[in-house]
Amino acid sequence: MGQLRKNVAIIVAMIMIVVTKAEEHIVGGDSIGWTSYPPGGASFYSNWASNHTFIVNDTLVFKFESGSHSVAELTKNNYEKCDENEKIESYVIGPARVTLNRAGRFYFSCTFSGHCSSGQKLSVEVVTGNFSSAPRKAPSSSTPPPPPSGSSTSVASTTLSIFLTTITFKTLFQF
């Protein structure tokens, strides 16, 4: 019976890994997007990022009109100096989709002249996923926005994870 419990636990853990879903984050939100001189100035994008949790394999969607903006991934040093000459990666066609493929800090800015210094830059910290039920976005004191499209998938994934965890515990700890 002990081996059966171990096998069930392994299978459930594998299923939970599969149902963990990466999310898309529209940088700056649907209405603002990726723009120079953002409302609130240079702190706009850092404030936006502080209200989100970014997990490995999430995607940042930079909504902008091609030819008006761009996105460059930079080193920390170049990000701080708004030096877009040495890019890690560059995206010139909007909307640009960037997969956060590792844990750690990512740095982005627009390469158009004066845009970075006007506040069109973003730094995000990416963490590895976990199975907690912690919210992906920080709580807000204002009225919450409507759920993003595809949120039913996230709810289904969470429900399935809770269901499988319950079955595992009942199987493992039967008396």
Side-chain angles (χ1 to χ4, degrees), residues 12-36 38-40 42-66 69-80 84 87-111 115-116 119-165:
V12 170
M14 291 171 58
I15 291 171
M16 290 176 72
I17 289 170
V18 171
V19 299
T20 301
K21 181 180 175 282
E23 290 191 13
E24 285 191 349
H25 303 272
I26 298 173
V27 175
D30 273 326
S31 60
I32 304 297
W34 185 240
T35 187
S36 54
S43 64
F44 176 78
Y45 290 109
S46 59
N47 290 339
W48 174 84
S50 70
N51 288 310
H52 295 268
T53 300
F54 303 97
I55 295 178
V56 173
N57 292 323
D58 279 0
T59 301
L60 295 178
V61 179
F62 293 84
K63 290 176 67 175
F64 63 91
E65 187 176 320
S66 301
H69 299 287
S70 66
V71 178
E73 183 181 348
L74 305 172
T75 63
K76 178 182 180 181
N77 190 40
N78 288 340
Y79 171 84
E80 290 173 349
E84 298 89 15
K87 305 170 210 50
I88 296 170
E89 191 70 51
S90 184
Y91 307 87
V92 296
I93 298 174
R97 300 172 55 82
V98 178
T99 300
L100 303 168
N101 58 4
R102 61 174 171 78
R105 183 135 320 253
F106 286 77
Y107 301 92
F108 303 97
S109 77
C110 181
T111 62
H115 288 201
C116 179
Q120 194 174 3
K121 59 195 267 184
L122 170 69
S123 170
V124 298
E125 180 70 28
V126 178
V127 297
T128 57
N130 62 37
F131 300 116
S132 75
S133 59
R136 296 290 305 267
K137 295 182 181 176
S140 171
S141 59
S142 62
T143 304
S149 63
S151 65
S152 61
T153 305
S154 296
V155 170
S157 295
T158 302
T159 303
L160 180 59
S161 294
I162 291 169
F163 174 73
L164 292 173
T165 302

- Of all heavy-atom pairs between Gly40 and Ser43, which one has the smallest distance, and what is that distance? O-OG, 3.3 Å
- Task: For Glu80, look at atom CD and say whether over 12 heavy atoms of other residues, nucleotides or ligands are found less than 6.0 Å away.
- Result: yes
- Query: In Å, rounded to the nearest 0.5 Å, how long is the span from CG of Leu60 to OG1 of Thr99?
  - Reply: 8.5 Å
- Query: Which atoms form the tightest heavy-atom contact between Pro39 and Ile32, and what is the distance?
  - Reply: CG-CD1, 3.8 Å
- Point-to-point distance, once rounded to the nearest 0.5 Å, from NZ of Lys63 to OG1 of Thr35: 12.5 Å
- Message: Is there a side-chain contact between Gln120 and Trp34 in this structure, where contact means two heavy atoms from C-beta onward sitting under 4.5 Å apart?
- Response: yes
- Give the minimum heavy-atom separation between Val126 and Arg102, together with the two atoms involved. CG1-O, 3.2 Å
- Message: So Leu74 and Ser109, do their side chains get closer than 4.5 Å, heavy atoms only?
- Response: yes
- What closest approach, in Å, do Gly119 and Pro38 show between heavy atoms, and which atom pair accounts for it? O-CG, 3.9 Å
- Query: Between Lys121 and Tyr45, is NZ or CZ placed under 6.0 angstrom from the six-membered ring centre and within 45° of the ring axis?
  - Reply: no
- Message: Just to verify, what does Lys87 make a salt bridge (Lys or Arg N to Asp or Glu O under 4.0 Å) with, not counting sequence neighbours?
- Response: none
- Any donor-acceptor pair under 3.5 Å linking the side chain of Asp30 with the backbone of Ile26? no
- Search all heavy atoms of Asn57 against all heavy atoms of Ala22 and return the closest pair with its distance. O-CB, 3.0 Å
- Message: Applying ring-ring contact (aromatic ring centres under 6.0 Å, His included), can you list everything that pairs with Tyr91, at least two apart in sequence or on another chain?
- Response: none
- Message: I'd like to know whether Val56 forms a side-chain contact (heavy atoms from CB on, under 4.5 Å) with Asn101, so could you lay out the CA-CA distance, the side-chain angles of the two residues, the decisive distance to 0.1 Å, and finally the verdict.
- Response: CA-CA 5 Å; Val56 173; Asn101 58 4; 5.8 Å; no
- Would you indicate whether the side-chain heavy atoms of Val98 and Thr59 approach each other to under 4.5 Å? no
- What do you reckon, is CD1 of Ile88 surrounded by more than 12 foreign heavy atoms closer than 6.0 Å? yes
- Query: Between CZ of Arg97 and CZ of Phe62, what distance do you get to the nearest 0.5 Å?
  - Reply: 12.0 Å
- Item | Geometric class of the His52/His25 ring pair [parallel <30°, tilted 30-60°, perpendicular >60°] | perpendicular
- Task: Indicate yes or no: at least one non-hydrogen side-chain atom of Pro95 is less than 4.5 angstrom from one of Phe64.
- Result: no
- Message: Just so I know, are the side chains of Val71 and Val27 near enough to count as touching, which here means a heavy-atom distance under 4.5 Å?
- Response: no
- Evaluation steps, side-chain contact (heavy atoms from CB on, under 4.5 Å), between Tyr107 and Asn78: CA-CA 9 Å; Tyr107 301 92; Asn78 288 340; over 6 Å; no
- Task: Answer whether the closest heavy-atom distance between the side chains of Cys110 and Cys116 falls below 4.5 Å.
- Result: no
- Item | Separation between CD of Glu89 and CZ of Phe108, rounded to the nearest 0.5 Å | 9.5 Å
- Decide yes or no on side-chain contact (heavy atoms from CB on, under 4.5 Å) for His69 and Thr111, but give the supporting numbers first. CA-CA 7 Å; His69 299 287; Thr111 62; over 6 Å; no
- Enter the distance from Glu73:CD to Phe106:CZ here, rounded to the nearest 0.5 Å. 5.5 Å
- Message: Go through it in stages, so that I can follow the logic: the residues are Ser123 and Arg105, the test is side-chain contact (heavy atoms from CB on, under 4.5 Å), and I'd like the CA-CA distance, side-chain angles, deciding distance and then a yes or no.
- Response: CA-CA 7 Å; Ser123 170; Arg105 183 135 320 253; 2.9 Å; yes
